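Here is the structure we will look at, set down as structure tokens.
Letters go in sequence order (proteins before strands), and every chain restarts at 1. Predicted model, so just to flag it, every value in this text is computed and none were measured. Side chains included, hydrogens not; waters and symmetry mates left out as well; all remaining heavy atoms used.
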Amino acid sequence: MRKAGLISAVIMVIVFITQCKSSVSAAKMEEGKKVYTTNCSGCHMENGMGVPRMNPALVKSPYVMGHPNGLIELVLRGSDFFGAKRSYNNQMASFHALTDEQIASLLTYVRNNYAKTGDEISAEDVKNIRAKLK
Amino acid sequence: MKNLSFLLVSFSIIFLNSCKSKEASKDEKEEVKTTTAAITLPEGFSSLVVADSLGTARHIVVNSNGDIYVKLGDQKDGHGILRLRDTNNDGKADDISGFGNYAGTGIAIKNGYLYASSDDNVYRYKMDNSEASANTEEMIVEGLMNKREHASKSITLDNNGFIYVNIGAPSNACQEKNREKGSPGMNPCPILDSAGGIWQFKVDKAKQHYSDGVRYVTGIRNIVGLDWNNSANDLYAVQHGRDDLDRMYPDLYTEDQRVNLPGEEMFRMKKGSDCGWPYCYYDPFQKKKVQGPEYGGDGKKTTGCENKQLPVYAFPAHSAPNALLFYTGTQFPEKYRNGAFIAFHGSWNRAPQEQQGFNVVFLPFKDGMPSGDYEIFADGFAGKTKTPDGAEHRPCGLAQGPDGSLYISDDKGGSLWKVTYKGTGK
């Protein structure tokens, strides 16, 4: 009986730890939050819900939840990324002036805070996309 | 052993809770109720919900027979204009019909015609037997700038056969690259040739283009609320001021300064007025126009701003004044006559600080100028969460009924309120 209780408790811990994706670096999340607060929260809001019609929500956004390369490109190019398909009123600036490290931290934070993707984006990922856009 | 199990279960609960709390922001939206909120009003006033499922109800106008016309920001069932009628005199709309297959913001009635705008064009309809006749639709202005940002076209009419159309600038401060940190402001700003101002057109000429109109006012970033004041015989408008001072120039501005700058300016406009955008903005604390940082300003310099038109009043920054109405009825007490009601859609560029607006204010007037400070007239639209996303309702349009009642529209929850005065004061 005791053994069964212990096993089930261990399983529960493993399940919850996995769900929380605690493998993402806390320092990176913290740095990403700083970059987000300075550069993004003014339009997308602290809770990531955006402004109806004007600035899109990040929560449940297919671009936030999708492949990280698309999201990196979006941040580097701004709303030019969408071309004529832009569906919100306000233009988003290009954030190419941020460093590869800053964008990596930012998007790690955005993906884990608003979409719980559980992955980390590296500065190398950003560097590669930046090189392709040149 | 037992203790270890207990410990592990406790950890499990902690982990579960920490996962849950991260998802709180995600669930907020689903908790928002769609029932129409009770709005708060000064003593003696009461409100009635005329309708509550209109969609994106932008500007409104009331005909002399009491019919209400609502311009929709998004079409509903293929219609961009709704006609609301109360056939049993209980104050609620029970006969709603639609026409006009375009979304937009502006709507007005003058001399037997209903006028309405899309984000590109202005149309008019003949009022036959006190009803706008859909099959008389005539395009009077076409091909106005529409690049999505600040694209809504608000309209008002004077008494000399002219209609005034706001053409908002598709930009924050006319930078080479819009809203990009470090991108310089363009001087001269090329946007001002075809936007960033209010254009005057004839009411009765079909298919007018820019070349048929007059740029009546320039140097405006964006206006949604405007009204012709018949007692002063002038155009008045309230501007949506610029955003992002501290994000663009963190060395020059603090977060507090960005939150509180610039004031949302109300202008009394004359033909040829230059209100200063994008080169200058209004600082309500220094009470002057200062040079924008994109043009070399440092928050204090006034270079190039000396002759720009000053506002007659400034409201809290970023509050988004979406409607202006000069009250000419006699139902409300004396102090309201010829004064201005302003509907504030509510701010977003004040984040992370508390947002402003989401209310209707009253500004007293005497001889065409503000004669005191504004007071909040109608409030409680947002409900529990005063943010653009979380708000249940966002005031967007104002109109005066033939009996002097005030109507307020909401483009978030789709509600429409009628406000009447039943008090004893006059």
Side-chain angles (χ1 to χ4, degrees), chain A residues 1-22 29 37-60 78-80 82 84 86-98 112-116, chain B residues 1-2 4-19 22-29 56 73-74 147-152 170-172 175 177-183 243-244 246-248 250 255 258 346-352 385 387-391 394 411-412:
Chain A
M1 190 63 186
R2 265 190 205 166
K3 211 172 179 183
L6 179 63
I7 290 169
S8 61
V10 169
I11 290 171
M12 277 170 82
V13 169
I14 292 167
V15 166
F16 289 133
I17 288 176
T18 315
Q19 276 190 348
C20 279
K21 316 275 187 194
S22 59
M29 287 291 281
T37 303
T38 309
N39 297 281
C40 318
S41 65
C43 294
H44 294 291
M45 305 286 108
E46 272 194 312
N47 66 1
M49 293 306 294
V51 179
R53 303 165 74 88
M54 299 179 84
N55 309 322
L58 303 180
V59 175
K60 294 181 181 167
S79 49
D80 284 353
F82 297 104
R86 187 174 111 226
S87 55
Y88 280 78
N89 287 352
N90 279 352
Q91 272 183 300
M92 175 172 143
S94 151
F95 284 87
H96 66 88
L98 295 175
N112 285 285
N113 193 47
Y114 300 119
K116 313 224 178 299
Chain B
M1 199 62 175
K2 207 173 185 177
L4 184 62
S5 299
F6 176 73
L7 209 62
L8 285 165
V9 169
S10 304
F11 274 132
S12 307
I13 291 165
I14 291 165
F15 279 122
L16 178 64
N17 285 339
S18 71
C19 286
K22 281 183 186 170
E23 287 180 2
S25 64
K26 212 172 169 181
D27 293 339
E28 256 171 36
K29 197 173 182 179
T56 47
D74 294 307
K147 291 187 176 175
R148 299 199 63 114
E149 187 168 349
H150 303 152
S152 66
S171 174
N172 181 39
Q175 293 167 277
K177 290 182 176 168
N178 191 21
R179 295 179 190 263
E180 189 169 315
K181 194 174 171 183
S183 175
D243 299 325
D244 279 342
D246 67 325
R247 187 170 71 75
M248 297 294 176
E255 177 188 291
R258 179 256 303 162
S347 64
W348 55 271
N349 205 239
R350 297 176 76 96
T385 313
T387 63
D389 170 67
R394 300 183 77 188
D411 67 349
K412 180 80 188 292

Is there side-chain contact between A:Ser94 and B:Lys177, with heavy atoms separated by less than 4.5 Å? no
Using every non-hydrogen atom in the two residues, find where B:Arg247 and A:Asn39 come nearest and quote the distance to one decimal. CD-O, 3.5 Å
Output the distance between atom CG (B:Asp389) and atom CE (A:Met54), rounded to the nearest 0.5 Å. 14.0 Å
Validation row: B:His150, A:Asn89 side chains within 4.5 angstrom (heavy atoms): no
Most chain B-contacting option - heavy-atom pairs closer than 4.5 Å, from A:Gly42, A:Ser41, A:Gly78: A:Gly42
What part of B:Thr56 is in contact with chain A, defined as an atom under 4.5 angstrom from a non-hydrogen atom: side chain, backbone, both or neither? side chain
Verify whether one side chain among A:Gln91 and B:Asn178 offers a donor that lies under 3.5 Å from an acceptor in the other. yes
Could you grab the distance from atom CZ of B:Arg148 to atom OG of A:Ser87, nearest 0.5 Å is fine? 6.5 Å
Nearest 0.5 Å please: distance from the NZ atom of B:Lys181 over to the OG1 atom of A:Thr38. 8.0 Å
With a 4.5 angstrom heavy-atom cut-off, which part of B:Pro170 approaches chain A: side chain, backbone, both or neither? backbone
Non-hydrogen atoms of chain B under 4.5 Å away: do they reach the side chain of A:Phe95, the backbone, both or neither? side chain
Could B:Asp74 and A:Arg53 be called an ion pair, given the rule that one side-chain N must be under 4.0 Å from one carboxylate O? yes
